[in-house]
*Asks:* 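Dropping the structure in here first, questions after.
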Protein chains: 2
Amino acid sequence: MNTSDYLAAADAACCASGTRLTALRRRVLELVLGYPGVVKAYQVLADLQAERGVVAPPTVYRALDYLAQQGMLHRVDALNGYIVCHHFECTHRALILACERCGKVTELSGDDAFAALSASASAAGFVPREQTLVLTGCCKECA
Amino acid sequence: MNTSDYLAAADAACCASGTRLTALRRRVLELVLGYPGVVKAYQVLADLQAERGVVAPPTVYRALDYLAQQGMLHRVDALNGYIVCHHFECTHRALILACERCGKVTELSGDDAFAALSASASAAGFVPREQTLVLTGCCKECA
DNA sequence: CGAAGCAATGTTATAGTATAACAATCTCGC
DNA sequence: GCGAGATTGTTATACTATAACATTGCTTCG
């Protein structure tokens with residue numbers, strides 16, 4: 001899916017959830033899409049500042065939080081960053097593979113793995129919230 | 001295992017790895033042991049400052065990093081904190097269950113779950129580094 | 001012993017990440 | 001138009017983490 005199709009789909013998804021993909025949010029999403037892997041909030045902030053002059057951190061964090069909530073982005077705690085989710089239409093668990101050498105990030109469906117974890121957790125009476133799983137390691141190219 | 005047994009075992013493990021559980025590291029470990037769940041670096045820093053006057057962040061981070069390396073602590077990225085590992089003798093994968101309401105943290109063996117994830121990752125040619133998995137959610141008591 | 005070498009800690013400064021709190025503006029339905 | 005709620009702006013600050021260099025202390029080997 002190319003960027004403009006993606007944005008159109010994102011727009012539709014936002015409307016469907018009764019929210020709006022505003023100009024700001026859309027621009028933030030575009031910026032994130034422009035990066036190959038994981039994107040930091042302050043990178044986006046710098047980009048916005050370059051375009052618009054003064055922009056404060058909350059502006060960016062709010063947009064990123066919104067996009068993550070809508071499923072277009074995943075927040076990756078282990079990396080203090082965000083990645084684009086390329087199949088936000090379906091609710092799903094993401095399994096993120098982050099290469100420690102080249103920084104490349106791959107997303108798999110984590111549904112199966114999540115099921116395995118949930119089984120362990122359930123045994124302890126624990127109900128996991130839907131979330132992103134992250135594995136750091138070494139990718140195919142860097143091996 | 002009580003605290004003093006734990007510390008003795010930790011000491012032995014450190015020696016076995018050719019390193020030393022120095023007074024500072026030992027004290028940091030004790031402080032972490034004194035907390036019920038996840039512990040933040042700056043909590044430990046505050047404790048140390050209360051005891052010794054001026055203490056700077058690197059002092060604490062170095063001790064925590066060391067203890068994590070030795071297996072006595074797990075760093076939990078999603079929570080920006082550390083938890084005590086109660087079976088550091090055996091190399092193992094930890095599966096952390098962190099309750100979002102009460103803050104309680106439980107550690108399970110994550111070997112099985114890790115195997116499931118590794119299988120998915122391997123299909124993509126990805127080699128995961130040994131690491132801690134974290135699930136956030138809601139624990140038995142808070143359900 | 002004494003000095004070399006290395007590990008550990010101290011110290012200073014700063015980078016990087018994130019949110020609280022309140023004000024201003026915009027959008028949409030009525 | 002107007003009011004309610006959502007969105008964005010603005011200011012300030014809290015929290016998390018590390019770089020870089022100085023100092024101390026242990027140990028080992030001649």
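A, B, ... follow the sequence lines: proteins, then strands. Residue 1 opens every chain.
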*Asks:* Quiz question: by atom type and distance under 3.5 Å, do the side chains of B:T22 and B:Y66 form a donor-acceptor pair?
*Replies:*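 B:Y66 and B:T22 do not have a side-chain donor-acceptor pair below 3.5 Å.
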*Asks:* Can you check whether B:K40 has a side-chain N or O nearer than 4.0 Å to OP1 or OP2 of D:dT16?
*Replies:*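 It does, given that an N or O in the side chain of B:K40 lies less than 4.0 Å from OP1 or OP2 of D:dT16.
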*Asks:* Within this structure, what is the CZ-to-P distance between A:R27 and D:dT8, rounded to whole angstrom?
*Replies:*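 It is 15 Å, rounded to the nearest whole Å.
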*Asks:* Indicate, with a heavy-atom threshold strictly under 4.0 Å, whether B:R20 touches base, sugar-phosphate, or nothing.
*Replies:*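 Sugar-phosphate, backbone atoms only, no base.
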*Asks:* Between C:dA15 atom P and A:L45 atom CG, what is the distance in whole Å?
*Replies:*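 For the pair A:L45 CG and C:dA15 P, the rounded distance is 16 Å.
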*Asks:* Do the side chains of B:V76 and B:Y35 join up, straight or via other hydrophobic residues, at under 4.5 Å, putting them in one cluster?
*Replies:*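 Each belongs to a different hydrophobic cluster.
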*Asks:* Using side-chain contact (heavy atoms from CB on, under 4.5 Å) as the criterion, point out the one residue from A:L73, A:V134, A:I96, A:V32 that pairs with A:I83.
*Replies:*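 Only match with A:I83 under side-chain contact (heavy atoms from CB on, under 4.5 Å): A:I96.
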*Asks:* Would you please confirm or rule out a distance under 4.0 Å between OP1 or OP2 of C:dA18 and any side-chain N or O of A:Y61?
*Replies:*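 Indeed, a polar side-chain atom of A:Y61 lies that close.
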*Asks:* Distance criterion of 3.5 Å, no angle test: do you see the side chain of B:Y42 paired donor-to-acceptor with the base of D:dA17?
*Replies:*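 Looking at the base of D:dA17, it does pair with a donor or acceptor on the side chain of B:Y42 (distance under 3.5 Å).
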*Asks:* Find the distance A:Q43:CD to C:dT17:P and express it as a whole number of Å.
*Replies:*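 Going from CD in A:Q43 over to P in C:dT17 covers 8 Å.
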*Asks:* Counting only side-chain N and O atoms of A:R25, is one of them less than 4.0 Å from OP1 or OP2 of D:dT7?
*Replies:*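 Yes, such a contact exists.
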*Asks:* At less than 3.5 Å, do the side-chain atoms of A:R52 and the base atoms of D:dG9 form a donor-acceptor pair?
*Replies:*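 Not at all, since no donor on one side and acceptor on the other fall under 3.5 Å apart.
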*Asks:* Return the CG to CG distance between B:D77 and A:N80, rounded to the nearest 0.5 Å.
*Replies:*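 The CG atom of A:N80 is 8.0 Å from CG of B:D77, to the nearest 0.5 Å.
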*Asks:* Expressed in angstrom and rounded to an integer, what is the separation of B:D65 atom CG from C:dT9 atom C1'?
*Replies:*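 So the two atoms are 14 Å apart, to the nearest Å.
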*Asks:* I need the CG-P distance between A:L64 and C:dG16, as an integer number of Å.
*Replies:*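 These atoms are roughly 18 Å apart.
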*Asks:* For the side chain of A:P58, starting at C-beta, report the closest nucleotide among D:dT10, C:dT11, C:dA18.
*Replies:*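 Output: D:dT10.
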*Asks:* So which one's nearest nucleotide on DNA chain D is more toward 5', A:V54 or A:Y66?
*Replies:*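 Its nearest nucleotide being more 5', the pick is A:Y66.
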*Asks:* For C:dT9, does OP1 or OP2 lie under 4.0 Å from any side-chain N or O of B:T22?
*Replies:*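 Looking at the OP1 and OP2 atoms of C:dT9, one of them is under 4.0 Å from a side-chain N or O of B:T22.
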*Asks:* Could you check how far CD of B:Q49 sits from P of C:dT9, rounded to whole Å?
*Replies:*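 Distance, rounded to whole Å: 17 Å.
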*Asks:* Of A:P57 and A:N80, whose nearest nucleotide on DNA chain D comes first from the 5' end?
*Replies:*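 This one resolves to A:P57.
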*Asks:* Expressed in angstrom and rounded to an integer, what is the separation of A:D77 atom CG from D:dA17 atom P?
*Replies:*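 So the CG-P distance, A:D77 to D:dA17, works out to 12 Å.
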*Asks:* Could you tell me whether the phosphate oxygens of D:dT8, OP1 or OP2, come under 4.0 Å of any side-chain nitrogen or oxygen in A:T59?
*Replies:*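 A:T59 to D:dT8 OP1/OP2: no side-chain N or O under 4.0 Å.
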*Asks:* Taking only side-chain nitrogens and oxygens of B:R26, does any of them come within less than 4.0 Å of OP1 or OP2 of C:dA8?
*Replies:*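 No, B:R26 has no side-chain N/O under 4.0 Å of OP1/OP2 on C:dA8.
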*Asks:* Tell me whether B:V39 shares a hydrophobic cluster with B:L48, the cluster being built from Ile, Leu, Val, Met, Phe, Trp, Tyr side chains joined at under 4.5 Å.
*Replies:*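 The answer is yes; both residues are in one hydrophobic cluster.
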*Asks:* What is the distance, rounded to the nearest whole Å, between atom CZ of A:R62 and atom C1' of C:dA21?
*Replies:*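 For the pair A:R62 CZ and C:dA21 C1', the rounded distance is 11 Å.
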*Asks:* Start at the 5' end of DNA chain C and walk down; is the nucleotide closest to A:Y82 or to B:A63 reached first?
*Replies:*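 The 5'-side residue here is B:A63.
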*Asks:* What's the shortest heavy-atom distance between B:Y42 and B:P57, and which atoms?
*Replies:*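 Scanning both residues completely, I find the closest heavy atoms to be OH-CG, 3.5 Å.
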